Amino acid sequence: MSNWKPQEHLPKEIKDLIERPTPNYTLALFDILHKLKLQRRTGWINNGIENPESISDHMYRMSIMSWILNSDGIDSSRCMKISLAHDMAEAIVGDITPFDVKIDKVEKHHRELATIEYLSEMLIKPYNEVAAADILKAWHEYEDQTSIEAKYVKDLDKFEMLVQCFEYERMYKGKKDLSQFYGCIDEITTDEVSKWTQDLMNERKEYFKSVSD
Ligand code: ZN
């Protein structure tokens with residue numbers, strides 16, 4: 001594991017907000033979150049998708065998906081919060097995919113944990129201690145899969161990507177091979193998200209039938 005520290009990877013203008021005599025931590029946080037709007041998801045870039053979605057695009061749609069979940073015994077507001085927190089650390093760490101050989105799983109986890117702890121402890125806590133603890137808890141809940149809500153969000157993480165993938169397949173009129181992204185379907189375990197996935201796959205099948213005619 002490296003000695004990687006999030007505070008050493010902040011742009012100068014954000015460092016200036018934090019290191020001045022009267023720091024503006026909340027503005028620093030909001031500026032860091034801007035990176036989630038700018039960061040394009042690596043999986044699409046690697047496949048030559050033009051102008052692909054950002055990390056916050058992905059989390060936004062997952063949050064709405066979470067909101068409308070309708071399974072017994074789950075707290076959809078909790079799912080929304082977990083959705084909003086789960087990729088937050090990528091604002092500083094960046095989007096590392098399993099195909100990234102330079103940074104292994106342990107190092108990825110180390111950097112993301114260091115980042116979410118930094119954001120929570122240093123930037124959010126001085127303003128709102130309750131929210132700081134809740135964001136950190138939601139991130140851990142997802143990372144460690146310790147609640148039923150976290151399991152739904154893990155399914156939505158994959159399902160949202162599949163919805164996006166089918167959108168790109170149609171954008172390229174079925175001529176770009178993105179089939180590798182569908183390898184994760186078997187890992188979707190909850191009934192509700194499995195049903196959504198099945199419906200999506202049926203649509204996709206019909207679509208490819210129509211373009212091959
Ligand atoms: Zn995600």
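Numbering starts at 1 and runs along the sequence shown. Atoms within each ligand, like the ligands themselves, are counted from 1 in listed order. All heavy atoms count here, side chains included; hydrogens, waters and symmetry mates do not. All values reported here derive from a predicted model rather than from experimental measurement.
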*Could you give the distance from CD (Glu192) to CZ (Phe159), rounded to the nearest 0.5 Å?*
10.0 Å
_the Zn ion (ligand 1) to nearest N/O/S of Glu160 less than 2.8 Å_ = no
*Which N, O or S atom name in Asp157 marks its closest approach to the Zn ion (ligand 1)?*
OD1
_Please report whether the ring centroid of His86 lies less than 6.0 Å from that of His140._
no
*asked:* How wide is the angle at the Zn ion (ligand 1) spanned by His86 NE2 and Asp87 OD2, rounded to 10 degrees?
replied: 80°
*Is the cationic atom of Lys154 (NZ for Lys, CZ for Arg) positioned less than 6.0 Å from the six-membered ring centroid of Tyr142 and within 45 degrees of its normal?*
yes
*Could you walk me through whether Glu141 and Arg78 pass the salt bridge (charged side-chain N to carboxylate O under 4.0 Å, His left out) test, one step at a time?*
CA-CA 10 Å; Glu141 212 170 308; Arg78 191 70 199 151; 2.9 Å; yes
